[in-house]
Amino acid sequence: MQSAEHSSHAKHDAPLTIGPSQLGAVVAAAVAIAIAARFFDSGVPVVAAVIIAALVPKAHGWDVRGPIAAMAGLLALFIVRMWPGAEAAAPATTANAANAAVGGHTLTWIVAVPLAGALGILFMPRQAHATLRAATMTLMFAALVLALPLLHVSMGRGYHFNEDVMWMPRFGIHYHVAIDGISLWLVLLTVFIMPVATYASFGTIHTRLKDWCFALLLLEAGMLGAFFALDLFLFYVFWELMLIPMYIMIGVWGGSGRIYSAVKFFLYTFFGSVLMLGAILYIAYAYARVNGGQPSFDYFELERLMLPRHVQIWLWAAFTLAFVIKVPMFPVHTWLPDAHTEAPTAGSVLLAAVMLKMGTYGYLRFSMGLFPEASAEFGANLAGVAVLGGIVYGALCAWKQTDVKRLIAYSSVAHLGYVMLGLFALSQASLEGSILQMVNHGVSTGMLFLLFGVVYDRRHTRQIDEFGGLAKPMPVYAVLFVVATLASIGLPGTNGFIGEFMVITGTFASHNLGHFNGVQAVGAAVGVILGAIYMLMVVQKMFFGPITRKENAVLQDINARELVAVAPLAMMIFVIGLFPNIFLSQIKDAAARVQNDFDGRIMMNPAPRYYEGPIRLTSPRMEQPRAPTVEPTVEPSAERSVEAQAQAQAAVPAGEGH
C-alpha cells in the first residue's frame, strides 16, 4: 500500500519528459501555427495560447486540459479582436456595428433568459439534480453568448442598444434600457462571473438544489437589469429584485450565524432603498410640475431638471446613502464582513464581484448624473472619508483579522475605497481608473473567495492559525492563491495595478478636491502598502513554514472541478493587467462625457449658492437617445372632421384669421 502511494506521489512530482509522443505534439503544433499564420493573423496567438494552456495542468487529463485550453484560446481571440489597432484596420465594420446598435432587443434578451429560466426552474422536479445543474449552466452560458455582440460596438460617448417602450404612460414609466462605456464591462463581468461561481457551487451545494438554482438565475437577472435600466422606476425594480435571492442564499445555505447576517444585510440595504424610492417619487413629481402635470421616471428627462439647492441636497443624500450602504463605505459598512463570513462560497463571490458594484455604479450614474451640484459640494469631504474610512481603516481592520473571509471582506472595503475616491476626484484618469477598478476587484476578490472555499471544504475552519505549510501538500493551490494575492495588492502586470495607479494619479491631478488632493493621493498610496502587508502576511502564515496541524499534511490539492472554475479568473488577471487599453479604450469617451457634463453644470451654477430656483428644465443632452413616438389613435369620423377644418382654414384669406 505504501509502495503504491509512494509511486503515485513520485509520478505526480516527476518532471515533464520529452519523448516521441511529445515531439510529435510539438511538430503538430508548429504545423498548426504555421498554417494559421498563413491564412489568418489572429490564429498564431490563439493556437499558441491553446497549446500552452493544454500543457500546463500536466497532472490532469483532457477533461481538465480541454476546458482550460478552450478558455485560453477564447481569451486570446478576445485580445486579438478587441485590440485598439484592429478597430482602425476595419472602420467600415465598426461603423456598421455602431449603426446596428441603435435599437433592437439584445439587452432585453440578455435579461429575459435568466429571468425566464428562473421561472422555468420552478416547474422542474426537485429530485432531478443533474437536470437542474445542466439547465442552470445552459441558461447562464446563453446569457454570456447573447452579451458577446456588445463587444462589436465602439462605445464612444453615446448609448447603444437603446430600447425605450412606454410601460405605464399615465405615470410616465418607461421600459428603457441601454448601455454605454460605463456599464459595458460591468455587464460582461456579470455574465462572466455567474457561470464560474455557479459551476464551483455545484460541488458543495447539495441540499435544496432547485431553490439554489432559482436564486442564482433570479440574482443574475436583477443585476443585469440594474446595469441596463435608464428609467428610475425600472432601476428600482431590479435593485430590489436582486436583494431577495442574496438574502435567501445567505439565510438558507450560510454558516452558523446565517440568520443574523442575512437579516442585518437586508435591513441595511432595504433602509437605503426606501430612502431612494422616496427621492425617486419626489423627483418624478418635481418633473411633472414643470411638464404640464405629466411625470416621468426617464433618466435623461430627469437629468434636465434644475433643482434648488435645498431640494437637491436632500434628494442627493437619499440616493447617495442607498449607494454607499451597498458599496459599502464607512460607517455603514458593518453588514459586509458578517455577510461575507456566513455566506456560502458562491454567495461571497457574487456579492464581492458584482453586487457591491451596484453602489459604485449607482453613485456614478445617478447621484452624479442627476445632482451634480450637490455631488461637487460634498465630494471633497466624501473623498476624505473614502481615504481614511475606506482605504486606510479597511486595510488596518483587515490586518488584525484572524478569520480569512473577514480579512478578504475588509480588503473589499479598502479596495472599493479607491473606486469611490476616483469618482469623487472626477478627473479623466481617476474616472477611468475607478470604472476599471470595479472590474478588477470583481475578478481578483472573487478569485480569493473561490480559492478559500477550496480549502474550507477540506478543513471547515476559517481561522488563519489553523493553517500553515499548505504549499507542501497543495502546491498548485498555493500558486493560484499567490497569483490572486499579488493581483489584490496591485503588482504591476496584474489587473490590480493599473486601476489603482490611475486613481492615485488622477486624484493628485484633480481640481475637485480643494487643497487636499495631494494629501488624499498620499493616503491612497499608503493604503497600497498596507494592503501588501496584510495580504502577504496571510500568505506567509497559510502556505509557508512548517505544517502546524497534522490534518494539513494530508490535504488534497485543488481538484479538476475547482481548477476549471478558478482558471478563467486567473487568466483574466493577466489579460487585464497586460492589455488594459482594450478595456480603457471603451471607457474613456464615456468617462469624458460624464466629466464634461458635470463640469458644465458646475460652471453654470457655481457653489455655494449654485441655484435658488424655481424648478425648471434645461435643454436635452446631445447623447440622449431618441424617445419613442406614440401615434395618437384617431377615430375615422374625427379624422374626417380634422381634414375638413384644415381645408376650411386653408380657404380663409391670409388677413381674415383671428
Side-chain angles (χ1 to χ4, degrees), residues 232 272 275-276 278-280 282-283 286-287 299 302-332 359-391 416-428 430-431 434 503 506-521 523-524 591-618 621:
L232 267 66
L275 292 179
M276 182 172 66
I280 289 173
Y282 184 89
I283 194 174
Y287 181 88
Y299 171 75
L302 299 180
E303 198 179 25
R304 299 170 54 198
L305 270 179
M306 289 293 297
L307 298 166
R309 179 178 180 275
H310 67 281
V311 174
Q312 187 177 146
I313 286 177
W314 286 106
L315 296 175
W316 171 87
F319 272 82
T320 300
L321 183 59
F323 296 139
V324 299
I325 288 174
K326 187 75 81 173
V327 171
M329 283 182 64
F330 177 89
V332 289
T360 55
Y361 167 80
Y363 183 83
L364 173 59
R365 177 76 79 198
F366 298 104
S367 290
M368 294 173 61
L370 297 177
F371 317 109
E373 292 87 358
S375 299
E377 183 173 351
F378 297 100
N381 295 329
L382 288 177
V385 176
V387 173
L388 295 177
I391 297 172
L416 290 172
Y418 287 97
V419 176
M420 297 305 294
L421 175 62
L423 299 182
F424 298 140
L426 199 67
S427 64
Q428 178 71 22
S430 69
L431 275 179
S434 292
V503 168
T507 299
F508 187 80
S510 173
H511 300 290
N512 299 299
L513 301 179
H515 301 292
F516 296 97
N517 57 327
V519 176
Q520 289 162 344
R593 181 199 73 221
V594 171
Q595 185 185 20
N596 293 341
D597 292 346
F598 191 94
D599 290 344
R601 280 278 294 262
I602 300 305
M603 291 175 63
M604 185 172 60
N605 304 287
R609 303 178 67 84
Y610 42 77
Y611 186 67
E612 297 299 331
I615 300 174
R616 63 183 178 86
L617 286 175
T618 62
R621 299 288 175 88

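By convention here, the first residue in the shown sequence is residue 1.
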Legend entry - 4.5 Å side-chain heavy-atom contact, V385 and F424: no
Legend entry - Minimum side-chain heavy-atom gap P372-Q312 below 4.5 Å: yes
Inset, instruction - Decide whether T320 and S367 meet the rule of one side-chain donor and one side-chain acceptor closer than 3.5 Å. - result: yes
Legend entry - Interatomic spacing from CZ in R601 to CE in M306 - rounded to 0.5 Å: 4.5 Å
Inset, instruction - Please round to the nearest 0.5 Å and tell me the distance separating atom CG of L421 and atom CG of L426. - result: 11.5 Å
Legend entry - Rounded distance (nearest 0.5 Å) linking atom CG of L370 with atom CG of L232: 6.0 Å
Legend entry - Separation of R365 CZ from F323 CZ (nearest 0.5 Å): 11.0 Å
Inset, instruction - Look at the aromatic rings of W316 and Y363 and report parallel, tilted or perpendicular, splitting at 30° and 60°. - result: perpendicular
Inset, instruction - State yes or no: are the ring centers of F371 and F598 separated by less than 6.0 Å? - result: no
Inset, instruction - With the side chain counted from C-beta on, respond yes when M420 and L382 share a heavy-atom pair under 4.5 Å apart, and no when they do not. - result: no
Legend entry - Taking every non-hydrogen atom, the tightest pair across I602 and A376: CD1-CB, 3.6 Å
Inset, instruction - Could you grab the distance from atom OG1 of T507 to atom CG of L513, nearest 0.5 Å is fine? - result: 6.5 Å
Inset, instruction - Work out which heavy atom in G518 is nearest to a heavy atom in F508; give both atom names and the distance. - result: CA-CD1, 3.9 Å
Inset, instruction - Return the minimal non-hydrogen interatomic distance between A425 and S510, and the atom names on each side. - result: O-OG, 2.6 Å
Inset, instruction - Taking atom types as modelled, find out whether S427 and S430 have a side-chain donor-acceptor pair closer than 3.5 angstrom. - result: yes
Legend entry - Distance (rounded to the nearest 0.5 Å) between N512 CG and Q595 CD: 7.5 Å
Legend entry - Nearest atoms (heavy-atom pairs only) where Y418 meets I391: OH-CG2, 3.6 Å
Inset, instruction - Take atom CZ of F378 as the centre, draw a 6.0 Å sphere, and report whether it contains more than 12 heavy atoms from other residues, nucleotides or ligands. - result: yes
Legend entry - Shortest non-hydrogen contact between V324 and V332, atoms and distance: O-CG2, 3.9 Å
Legend entry - R309 and E373 ion-paired at < 4.0 Å: no
Inset, instruction - Give the intermediate values and the outcome of side-chain contact (heavy atoms from CB on, under 4.5 Å) for residues L431 and L364. - result: CA-CA 9 Å; L431 275 179; L364 173 59; 4.0 Å; yes
Legend entry - Check: W314 ring centroid to Y282 ring centroid under 6.0 Å: no
Inset, instruction - Could you check if a side-chain atom of L315 sits within less than 4.5 angstrom of a side-chain atom of I280, using non-hydrogen atoms only? - result: no
Inset, instruction - Over all heavy atoms of both residues, which pair between M276 and A322 is shortest? Give the atoms and the distance, please. - result: CB-CB, 3.9 Å
Inset, instruction - Would you please indicate if the ring centroids of Y299 and F366 are separated by under 6.0 Å? - result: yes
